[in-house]
Protein chains: 2
Amino acid sequence: MKFEAVDVRQTASAADIVYETLRKAIISGELAEGAALRQDQIARMFNTSRIPVREALTRLEQHGLATSQRYRGTIVAGLSIVEIEEIFEFRALIEAEVMRLAVPDLDEVTLETARRHCLEFDRETDPGRWSDINRRFHYTLYEASHRPYYLQTVGAALDRIDRYLRAQLTFTNGLMRAGREHEAILAACIAGDAERASRLTRDHVLDAGRSLVAFLREHRGA
Amino acid sequence: MKFEAVDVRQTASAADIVYETLRKAIISGELAEGAALRQDQIARMFNTSRIPVREALTRLEQHGLATSQRYRGTIVAGLSIVEIEEIFEFRALIEAEVMRLAVPDLDEVTLETARRHCLEFDRETDPGRWSDINRRFHYTLYEASHRPYYLQTVGAALDRIDRYLRAQLTFTNGLMRAGREHEAILAACIAGDAERASRLTRDHVLDAGRSLVAFLREHRGA
DNA sequence: GATAGAAAAATAGGATCCAATATACAATCA
DNA sequence: TGATTGTATATTGGATCCTATTTTTCTATC
């Protein structure tokens, strides 16, 4: 009889589950910005006491996904257009650098995986999934840079703007430019041209940012 | 009888105080990496229950200053040399960009403040204070960039490596190069040469990183 | 003496209770 | 009617208690 060892240790605490669930709900936009996150209500939803809920809320706050005021409670954080612009600019800087560093270490398997995500992105019709596939495509390439700290900061930045991107993609039914840009980046990676891949990544992010900001100016005035 | 209104609202919760105190102790190196952060013990130290302590610990963990394992407790986080190298490289990238963006917006008052910090840095004899003054000098200039998100990530990065820098500065009784480099950066700022200020900042950070890594290789083997 | 297992102690996670504060609402007075 | 004050309610912050898990210690056995 052949068998494998299974790690039976419980790794997910109640706080972990509440945190992950709320995090996904916030970055997907399911929980609108400004929405109140009531400890009692959330605790009832998850069949727990308020203690693990409070831990989840402080984690969200530390990541900038929620803001709290003493004795007044916690709400889903929102970003101004200026803040969104800054985050895109930041992403462009980091992701361009990560892409440059990744190119020399890309292997066949990784490139093939990236190509699959690229096709998947083009084929996907559900706007709610574009964001995830997009992230997987880029991260597949980025990981070859072996810069976990950079990627962590990029991930945090992405978490903050994801909902606005999703809103835009859902409304405009997708910007087809992204697909072409992915192909161009992938081509530069295959060619081993780090500078070009980096520059294209930078432009790709800045383009997305400009497009999103234009969309938001239209749809929330100012 | 003349009197003024005083904002009597309590802004600092017990969790805030515990968090700030522990944070400072960790980044200063007062709490060594790997040291156990026992909820009970800390609660007694602050005359509170474990609840605010737990909140402080989760905040520390989210910022990478502590790591916790379920049912096993929380310890002060440490960084490998590779991780330290990555953080310096990251800082160099961000801080060079922030410096470039800041130069056009620097005014007389800001430059004068920076100059004061620069002198203060040279005059200070207590190695424990160099790190703080250094941070103030750079931040005075950086803030003119109006990039709060960038600065937040730089702050988080600095928090993680501060204790290693302090250890080095205390041991070697300071690297005098930093003082000259500060003056050169300041001169470029005064001259309004954004590119030069940016390049010097980048080199300044990378130099400090290389120097620190060399020191650490010496003092913890590997 | 070393080792395995059981009991005990230590410690973290979570539930429930109380206190502090904020908000909503009703009563009062001009 | 409109502003203001007092009161009730809702909600968060913190304390205490209980439970789950880990770690340590003790003991029996070889």
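Naming convention: chains lettered A, B, ... in sequence-line order (proteins, then strands); numbering from 1 in each chain.
- Atom CD in B:Q69 sits about 8 Å away from atom P in D:dT23, given to the nearest Å.
- Taking the six-membered ring where the residue is Trp, B:Y150 and A:F90 present perpendicular rings, their angle passing 60° and hence far from 30°.
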Can you give each donor-acceptor pair under 3.5 Å made by side-chain atoms of residues 37-45 of chain B, sequence neighbours left out, with the distance rounded to 0.1 Å?
from	atom 1	to	atom 2	distance (Å)
B:Q39	OE1	B:R50	NE	3.1
B:Q39	OE1	B:R50	NH2	3.1

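- Ranking D:dT12, D:dG14, C:dG14 by closeness to the A:Y71 side chain, first place goes to D:dT12.
- Between B:R116 and B:E112 no salt bridge is recorded (no basic side-chain N to carboxylate O distance below 4.0 Å).
- The pair B:E120-B:R123 fails the salt-bridge criterion, with no side-chain N (NZ, NE, NH1 or NH2) lying under 4.0 Å from an Asp/Glu carboxylate O.
- Atom CD1 of A:I51 is separated from atom C1' of D:dA15 by 10 Å (rounded to the nearest Å).
- If you check every strand for non-hydrogen atoms under 4.0 Å, A:S68 touches nothing.
- At a threshold of 4.0 Å, the pair B:E124-B:R129 counts as salt-bridged, since one of the basic side-chain nitrogens sits closer than that to a carboxylate oxygen.
- One N or O donor and one acceptor, one from the side chain of B:R50 and one from the base of C:dG13, sit under 3.5 Å apart.
- Ring centers of B:H182 and B:H117: at least 6.0 Å apart, outside the cut-off.
- Comparing the end axes of the helix from C:dG1-D:dC30 to C:dA30-D:dT1, each fitted to five base pairs by superposing C1' atoms of four pairs onto the next four, gives an inter-axis angle of 10° (nearest 10 degrees).
- The base of D:dG14 has none of its N or O atoms less than 3.5 Å from a complementary donor or acceptor on the side chain of B:R54.
- Note on B:R72: a side-chain N or O is less than 4.0 Å away from OP1 or OP2 of D:dT23.
- A side-chain contact (heavy atoms from CB on, under 4.5 Å) with B:I161 is found for one member of B:R91, B:R166, B:E83 and no other, namely B:R91.
- The stretch residues 36-46 of chain B has no heavy atom under 4.0 Å from DNA chain D, so no residue of it qualifies as close.
- Counting non-hydrogen atoms under 4.0 angstrom, A:T74 reaches nothing in the nucleic acid.
- Out of C:dA20, C:dG14, D:dA20, the shortest distance to the side chain of A:S13 is found at C:dG14.
- A salt bridge links B:D162 to B:R135: one of the charged nitrogens lies within less than 4.0 Å of a carboxylate oxygen.
- Remark: the backbone N or O of A:S145 is paired with a side-chain donor or acceptor of A:R147 at under 3.5 angstrom.
- Nucleotides of DNA chain C nearest to A:N47 and B:G73 differ in position, and the one nearer the 5' end is that of B:G73.
- Note: CD (B:E55) to P (D:dG14) measures 7 Å, nearest angstrom.
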